[in-house]
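Questions regarding the structure given below will be posed in turn.
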Amino acid sequence: MQLKHVLEVDQFRRSDLDHIFAHALTMRAIAKHGTDNRLHDKILATLFYEPSTRTRLSFESAMQRLGGQVISSEMAAETSSAAKGETIQDTVRIVESYSDVIAIRHPDAGTSAAAAGVASVPILNAGDGAREHPTQALLDLFTIGDELGRIDDFAIALVGDLRYGRAPRSLAKLLTQVNGCRIIMVTPPGIEMAQDVLDALIASDVAFELESDLSAVVGRVDVVYMTRVQKERFPSEEEYSAVQGRYQLDPALLEGLRDDAIIMHPLPRVGEIHPGIDADPRAAYFRQARNGVFVRMALLDLLLNNQSQD
Ligand code: NCD
């Protein structure tokens, strides 16, 4: 497959997913035995204008596990020339001369696409506002495949902030590429999944239903995907407070969960999953975060066209 940028989930067809996930398994085998040096002559730049732990560090770990180097602006809104008013286009024109691939996280939707419009190196969208988080969606679906043994024919509950959460939004769109998936969207009123995503699901014949009671849903699915209420994107504190804390997966709720089901969360969690269930074998969220390294290794390798060394 020819991968130029990673900007949005809509760019991926099913055959691309199969290829990326197979490559991620190769990357996992490499990571298990240490490192590889296939990207030894390459530099990744990470430009993060929003907070991040997993996404930035797993990109950087992925690059280093393949022998590459990393340069990073981790608080770019405050410490890069953006604070002086530089546009993302100008920043990218500079950073591309220092690096071979650039991962960008930004609060404004469309920033990665704007960067890709001027960049001569591959751009990775590491989250743009409430719109897209394509590498998260890829690692989420990879995790489902790894845990359930299939990426078709499963039921998933997407729980929490589906309006401002870019992770569940991107995952729902990616599920248009699998067969026999059923989605139950569990939200309080006001933070439902946006209509454009529902329209995409309808157009691809993905079955979905809307719910508000989590306890009525846990026993009906293979995957419970919890999400954080995205405080930073709410117009007011009151609107945030009205929905925060609505869903918490705790040991009592877990009793209704099937033995072969899994619990996922893009993390960070702020109360959605009780720490008392972390030791449950169905709690897949830390394995999910770890898979981020393998999927990002695969993407970096594919973007930099080095996969021929397999
Ligand atoms: C998510 C994000 O940044 O959108 N985090 C992540 O990348 N794992 C989810 C969140 O912040 O709630």
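Order of listing sets the numbers, starting from 1, for every ligand and every atom in it.
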Task: Spatial distance of atom NE2 (His19) from atom CE (Met1) [nearest 0.5 Å] - done: 6.5 Å
Would you tabulate the polar-atom pairs, meaning N/O of ligand 1 against N/O of the protein, with distances under 3.5 Å, reported to 0.1 Å?
from	atom 1	to	atom 2	distance (Å)
ligand 1	3 (O)	Arg105	NH1	3.3
ligand 1	3 (O)	Arg105	NH2	3.2
ligand 1	3 (O)	Arg166	NH2	3.0
ligand 1	4 (O)	Arg166	NE	2.7
ligand 1	5 (N)	Leu267	O	3.0
ligand 1	7 (O)	Thr55	OG1	2.9
ligand 1	7 (O)	Arg105	NH2	3.1
ligand 1	7 (O)	His133	NE2	2.8
ligand 1	8 (N)	Gln136	OE1	3.2
ligand 1	8 (N)	Pro266	O	2.9
ligand 1	8 (N)	Leu267	O	3.0
ligand 1	11 (O)	Arg228	NH2	2.9
ligand 1	12 (O)	Arg228	NE	2.8
ligand 1	12 (O)	Arg228	NH2	3.3
ligand 1	12 (O)	Gln230	NE2	2.8

Open item on the list: Is it the case that the side chains of Glu8 and Asn125 hold a donor-acceptor pair, with the cut-off being a distance below 3.5 Å and no angle test?
Closed with: no
Task: Those residues that, when tested against Phe59, pass ring-ring contact (aromatic ring centres under 6.0 Å, His included) (two or more places apart) - done: none
Only pairs under 3.5 Å count here: list side-chain donor-acceptor contacts from residues 267-278, not counting sequence neighbours, and write none if there are none.
from	atom 1	to	atom 2	distance (Å)
Arg269	NH1	Ile273	O	3.4
Arg269	NH1	Asp278	OD1	2.8
Arg269	NH2	Asp278	OD1	3.4
Arg269	NH2	Asp278	OD2	2.7
Glu272	OE1	His265	NE2	2.8
Glu272	OE1	Val270	N	3.0
Glu272	OE2	Val270	N	3.4
His274	ND1	Gly276	N	2.8
Asp278	OD1	Tyr285	OH	2.6

N/O donor to acceptor pairs below 3.5 angstrom from side-chain atoms of residues 198-206, sequence neighbours left out:
from	atom 1	to	atom 2	distance (Å)
Asp199	OD1	Gln195	NE2	2.9
Ser204	OG	Ala200	O	3.3

Open item on the list: Looking only at side-chain N and O atoms, does Arg163 offer a donor or acceptor that is under 3.5 Å from a partner on Thr187?
Closed with: no
